Peer 1: 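Pasting in a structure now, in structure tokens, and then I'll have a few things to ask.
The shown structure was predicted, so the numbers you read here are calculated from the model rather than taken from an experiment.
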Amino acid sequence: MSKPYYGPVEDEDSINLERFFLAGDFVSGVGYGVQLVLWVSCALYLWKQRQRGKQTGFLLCYITLLLIVETIFAIVQARTVQVIYIENRNYPGGPWQYFLDTQYLAINVIFYATLFVITFLCDLLVLWRCWVIWTASGHVVAYAVTFVPFIMLIASFVMGTLWTLQSSHPGLSLYSKQPLAYGTAYYAISLGINIVLTVLIVARLLMYRRTHLAHLPREHAEQYLSLATLIVESAALYSAFAVAFLVSYGLNKPINQIWLGFAQAAQQVATYLIIYRVADGTAWTKKTMDSATLTTMDFH
């Protein structure tokens, strides 16, 4: 006697999409927990040093805004799972078809909008860090170096807006032909920004490392010129996961949902780590380079 089948009646592609959708939701939930811990650490650090200047207050407001947007994203994502798999489980074509047919609903529009805003805010911070690191070579050089990434950021804002609007149209979805094209272009530009900024930041730090490492005290070298510093300051953590998402999304592979969860969480984790270093006073600034240069001169 054969065992009765109680599984879904949808096609295998739809079932795989649902599996990876839920897995991506789990990854995002874990990422949110990590971000919450990092926000508390950064906020406490910044609050204790709020008298140091306007930058501290600005960064505190920035991470709070980031957490608020991410919290909305997490709530909407959890609500979407509930609506799809509990409240509309018997929708013709299955839960995933319901998700594709109802992209115009408020929860889906908010999902795309918050994801877009989070990405833009994190890209903006990495651009600022790149500018700060290159100011040691002069403000003119810093502006020249960050000009192309700035233009790319504006382009990503435009494409991200179009992607959000197209994905939330009735009858369209994240995986429809036109939104898919906009989404691929948007994430390609966003990833391009991060790769360019990563290269610029790492290149500047490596140039400085080669010039001054032999003359710096050991504790200074470990604090400012370690491999961990290069990874954190350049937000390379996000770039690695973003490449995996972009490739799988462009190929319309279901696993893109998992990589999206990792990329979205990794980008914010990288952002919080950068801000923690800024609050802790271990992040690179023009003063850091100037003081190290003076130390080098003293050794001579």
Side-chain angles (χ1 to χ4, degrees), residues 21 24-40 42-43 58-81 106-129 149 152-168 174 179 182-195 197-198 232 234-246 249 256-276:
F21 185 80
D25 188 63
F26 171 76
V27 171
S28 295
V30 173
Y32 179 73
V34 174
Q35 294 164 46
L36 192 59
V37 172
L38 290 173
W39 179 85
V40 172
C42 292
F58 174 79
L59 290 176
L60 183 58
C61 293
Y62 172 86
I63 62 172
T64 301
L65 174 62
L66 199 63
L67 181 69
I68 291 173
V69 177
E70 172 61 22
T71 301
I72 295 173
F73 175 81
I75 292 172
V76 167
Q77 195 168 25
R79 174 60 179 164
T80 299
V81 172
I107 55 173
N108 293 320
V109 176
I110 295 173
F111 173 85
Y112 294 122
T114 51
L115 182 60
F116 163 57
V117 170
I118 289 169
T119 303
F120 179 76
L121 288 174
C122 293
D123 287 345
L124 200 59
L125 181 86
V126 180
L127 178 64
W128 170 68
R129 286 303 301 155
M152 293 175 68
L153 185 64
I154 299 300
S156 75
F157 181 85
V158 174
M159 292 303 299
T161 302
L162 293 173
W163 174 64
T164 302
L165 294 175
Q166 287 294 321
S167 297
S168 56
L174 182 69
Y182 280 119
T184 303
Y186 165 62
Y187 274 102
I189 296 173
S190 178
L191 175 60
I193 294 170
N194 279 272
I195 290 176
L197 292 174
T198 296
V232 172
S234 65
L237 181 67
Y238 164 69
S239 297
F241 287 114
V243 168
F245 166 71
L246 180 61
Y249 179 62
N256 73 76
Q257 285 292 321
I258 293 180
W259 292 126
L260 177 62
F262 275 117
Q264 187 263 348
Q267 186 175 36
Q268 292 180 78
V269 168
T271 298
Y272 283 116
L273 291 176
I274 290 172
I275 292 178
Y276 188 87

Peer 1: Using distance only, find each side-chain donor-acceptor pair of residues 152-162 under 3.5 Å and give its atom names and separation, not counting sequence neighbours.
Peer 2:
unit_1	atom_1	unit_2	atom_2	d
S156	OG	L153	O	2.7
T161	OG1	F157	O	2.8

Peer 1: Going by the rule side-chain hydrogen bond (donor to acceptor under 3.5 Å, both in side chains), which residues pair with E70 if we only count those two or more places apart in sequence or in a different chain?
Peer 2: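 Q264, Q268.
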
Peer 1: Would you compute the distance between atom CG of L66 and atom OG1 of T71 and round it to the nearest 0.5 angstrom?
Peer 2: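 If we round to the nearest 0.5 Å, L66:CG and T71:OG1 are 9.5 Å apart.
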
Peer 1: What pairs with A43 under side chain to side chain contact (heavy atoms under 4.5 Å, CB included), at least two apart in sequence or on another chain?
Peer 2: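 With neighbours one apart ignored, the set is W39, L60, I63.
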
Peer 1: What are the two closest heavy atoms between G261 and V27, and how far apart are they?
Peer 2: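 That would be C-CG1, 3.6 Å.
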
Peer 1: May I ask you to decide if the ring planes of F241 and W259 are parallel, tilted or perpendicular, using 30° and 60° as cut-offs?
Peer 2: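 Geometry flag for W259 against F241: tilted rings.
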
Peer 1: Taking only residues two or more places apart in sequence, or in another chain, which ones meet Y272 in a ring pair (Phe, Tyr, Trp, His ring centres under 6.0 Å)?
Peer 2: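 Partners of Y272 under the ring pair (Phe, Tyr, Trp, His ring centres under 6.0 Å) test: none.
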
Peer 1: Apply ring pair (Phe, Tyr, Trp, His ring centres under 6.0 Å) to Y32 and list each qualifying residue two or more places apart in sequence or on a separate chain.
Peer 2: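 Y32 satisfies ring pair (Phe, Tyr, Trp, His ring centres under 6.0 Å) with no residue once adjacent residues are dropped.
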
Peer 1: Between F245 and F262, is a side chain to side chain contact (heavy atoms under 4.5 Å, CB included) present by the stated rule, with each step listed?
Peer 2: CA-CA 9 Å; F245 166 71; F262 275 117; over 6 Å; no

Peer 1: Once side-chain hydrogen bond (donor to acceptor under 3.5 Å, both in side chains) is applied, do any residues pair with Q267, and if so which ones, sequence neighbours excluded?
Peer 2: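 Per chain and number, Q267 pairs via side-chain hydrogen bond (donor to acceptor under 3.5 Å, both in side chains) with D123.
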
Peer 1: Partners of Y62 by side-chain hydrogen bond (donor to acceptor under 3.5 Å, both in side chains), sequence neighbours excluded?
Peer 2: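 Here no residue qualifies.
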
Peer 1: State, to 0.1 Å, how close A265 and G31 come at their nearest heavy-atom pair, and which atoms those are.
Peer 2: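 It is CB-CA, 3.8 Å.
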
Peer 1: Taking the six-membered ring for Trp, are the ring centroids of F116 and W163 within less than 6.0 Å of each other?
Peer 2: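 Centroid separation for F116 and W163: 6.0 Å or greater.
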
Peer 1: Residues in side chain to side chain contact (heavy atoms under 4.5 Å, CB included) with A242, at least two apart?
Peer 2: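 Partners of A242 by the side chain to side chain contact (heavy atoms under 4.5 Å, CB included) criterion, ordered by chain and then number, come out as L191, Y238.
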
Peer 1: For the CD1 atom of I258 and the CG atom of D25, what is their distance to the nearest 0.5 Å?
Peer 2: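 Going from CD1 on I258 over to CG on D25, the span is 11.5 Å.
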
Peer 1: Could you go through L125 and I275, starting from their C-alpha distance and side-chain angles, then the distance that decides it, and tell me whether this counts as side chain to side chain contact (heavy atoms under 4.5 Å, CB included)?
Peer 2: CA-CA 9 Å; L125 181 86; I275 292 178; 4.1 Å; yes

Peer 1: From I193 CD1 over to L124 CG, what is the distance, rounded to the nearest 0.5 angstrom?
Peer 2: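 Taking CD1 in I193 and CG in L124, the distance rounds to 10.0 Å.
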
Peer 1: For a quick test of your reading: what N or O donor-acceptor pairs under 3.5 Å do the side chains of residues 74-81 make, sequence neighbours left out?
Peer 2:
unit_1	atom_1	unit_2	atom_2	d
R79	NH1	E87	OE2	2.9
T80	OG1	V76	O	2.8

Peer 1: Looking only at non-hydrogen atoms, find the nearest pair between L127 and P149 and report the distance.
Peer 2: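 Here L127 and P149 meet closest at CD1-CB, 3.8 Å.
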
Peer 1: Checking the side chain of S190 only, and the main-chain atoms of Y186 only, is there a donor and an acceptor separated by less than 3.5 Å?
Peer 2: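 Checking the backbone N and O of Y186 against the side chain of S190, no donor-acceptor pair under 3.5 Å is found.
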
